[in-house]
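Proteins come first, then strands; the chains are lettered A, B, ... in the order of their sequence lines, and each starts at number 1.
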Number of protein chains: 2
Amino acid sequence: MGAASDGLIPTPQLLEELSQFFRLLSEPARLQLLCLLKTGPQDVASLIGSTGFSQSHISRQLSQLQRAGLVRCEREGTRLIYTADEPLVNDLCVLVMGRLRERLEQQLEHLQAA
Amino acid sequence: MGAASDGLIPTPQLLEELSQFFRLLSEPARLQLLCLLKTGPQDVASLIGSTGFSQSHISRQLSQLQRAGLVRCEREGTRLIYTADEPLVNDLCVLVMGRLRERLEQQLEHLQAA
DNA sequence: GGCTGCTATGACCATAGCCGCATATCCCGG
DNA sequence: CCGGGATATGCGGCTATGGTCATAGCAGCC
């Protein structure tokens, strides 16, 4: 399964868009923000407190995520409440985590065999 | 499904490993190599020809992919034949492509509605 | 309107990573 | 064991981006 697109070579544009998407997740700070927001909407102050990053940094990263549609925000008084708006990210992380786990197990048993 | 880990905040190490994995896919060159190899094993010369990149660049990228276990190689005479060794990558790409498609459709109908 | 607190942005530095050139290293075949 | 082709690696230039500081913009409240 998943074989529907096997054998197809993506166009350069698609390749670029795919890699740009993965690039968003390739930064620990952004991934952390997404994971924090996964647990529920939060305002910027909370995110700053949880991560320890500067306000400007948080703002930039959230902008990127918002432009990509991974996050959305709404005003609450003077604050902005951000919300993760893409279950796909979580699914991707779960898949990759499973893979990391498999690899560790393989390394472990390879070690025990030797 | 996939909801088993909702609400869990990854440790810094896990965050780092996840993002490192995504970083591998965040480079068009590497993603292209993976897509080319997805169609079947190839030797380095073919990859150079298909991509137009220099030999040293190809070699470096393949090294990275190999260290990550996404690719594996075996000798055939004097040449190295590389093989994509991870269906996960294709699955991830399919998921993201579906998401890109959805977004384009939304933009389209949003345009028509206006 | 002016003040206050929150968020976004411009300027800037430091670093990481891509990429090619030249060269070293390796491995097969003779 | 040696030669030649194939692959890996040291080096350097360049660009992109993470990260901070200072500051501008902006929305609400008195």
Quick one: which of [options] gets closest to the side chain of [X]?
{"X": "A:S59", "options": "C:dT9, D:dA8, D:dG19", "answer": "C:dT9"}
{"X": "B:A29", "options": "C:dC19, D:dG19, D:dT7", "answer": "C:dC19"}
{"X": "B:E27", "options": "D:dT7, C:dC18, D:dG18", "answer": "C:dC18"}

What nucleic acid atoms does [X] come within less than 4.0 Å of, heavy atoms only: base, sugar-phosphate, or nothing?
{"X": "B:Q64", "result": "sugar-phosphate"}
{"X": "A:R75", "result": "sugar-phosphate"}
{"X": "A:Q55", "result": "base"}

Please answer whether the main-chain N or O of [Y] pairs with a side-chain N or O of [X] as donor and acceptor at a distance below 3.5 Å.
{"X": "A:T51", "Y": "A:F53", "result": "yes"}
{"X": "B:R30", "Y": "B:R23", "result": "yes"}
{"X": "A:T39", "Y": "A:L36", "result": "yes"}

Tell me the interatomic distance from [X], atom [atom1], to [N], atom [atom2], rounded to whole angstroms.
{"X": "A:L24", "N": "D:dT17", "atom1": "CG", "atom2": "C1'", "answer": "13 Å"}
{"X": "A:F53", "N": "C:dT7", "atom1": "CZ", "atom2": "C1'", "answer": "18 Å"}
{"X": "A:F22", "N": "D:dT17", "atom1": "CZ", "atom2": "P", "answer": "17 Å"}
{"X": "B:L47", "N": "D:dT7", "atom1": "CG", "atom2": "P", "answer": "10 Å"}
{"X": "A:E76", "N": "C:dG5", "atom1": "CD", "atom2": "C1'", "answer": "16 Å"}
{"X": "A:R79", "N": "D:dC26", "atom1": "CZ", "atom2": "C1'", "answer": "16 Å"}
{"X": "B:R67", "N": "D:dT7", "atom1": "CZ", "atom2": "C1'", "answer": "15 Å"}
{"X": "A:L65", "N": "D:dG18", "atom1": "CG", "atom2": "C1'", "answer": "14 Å"}

Next item on the list: Measure distances between side-chain N and O atoms of A:R60 and base N and O atoms of C:dG10, and say whether any donor-acceptor pair falls under 3.5 Å.
Entry: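 Yes.
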Next item on the list: Please say whether more than 12 non-hydrogen atoms of neighbouring residues, nucleotides or ligands are located less than 6.0 Å from CD in A:E76.
Entry: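 Atom CD in A:E76 is not crowded, with 12 or fewer foreign heavy atoms closer than 6.0 Å.
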Check: Just wondering, are more than 12 heavy atoms of other shown residues or ligands nearer than 6.0 Å to CZ in B:R101?
Finding: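 No - once you tally the heavy atoms of other residues, nucleotides and ligands closer than 6.0 Å, there are 12 at most.
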Check: Want to settle it: does B:G77 or B:I58 sit nearer the 5' end of DNA chain C, counting the closest nucleotide to each?
Finding: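 Comparing both residues, the 5'-ward one is B:I58.
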Check: Nearest 0.5 Å, what's the CG-CD distance between B:L80 and B:Q42?
Finding: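 If I round to the nearest 0.5 Å, the distance is 13.5 Å.
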Next item on the list: Among B:E17, B:E16, B:Q20, find the one that has a side chain to side chain contact (heavy atoms under 4.5 Å, CB included) with A:P28.
Entry: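 It is B:E16; the other options fail the test.
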Think [X] has a side-chain N or O under 4.0 angstrom from the OP1 or OP2 of [N]?
{"X": "A:S54", "N": "D:dT20", "result": "yes"}
{"X": "A:T78", "N": "D:dG28", "result": "no"}
{"X": "B:H57", "N": "C:dC18", "result": "no"}

Check: With a 4.5 Å heavy-atom cut-off, do B:L95 and A:L92 have their side chains touching?
Finding: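 The answer is yes, as the side chains (C-beta and beyond) meet within the 4.5 Å cut-off.
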Notebook entry, point to check: Looking at five pairs on each end of the helix from C:dG1-D:dC30 to C:dG30-D:dC1, what is the angle between the two axes, given to 10 degrees?
Noted result: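 Taking the rotation axis at each end, their angle is 30°.
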Note to self: Closest-nucleotide mapping onto DNA chain D: is A:S56 or B:Q66 further toward the 5' terminus? I mean the 5' end.
What the structure shows: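 Residue closer to the 5' terminus by nearest nucleotide: B:Q66.
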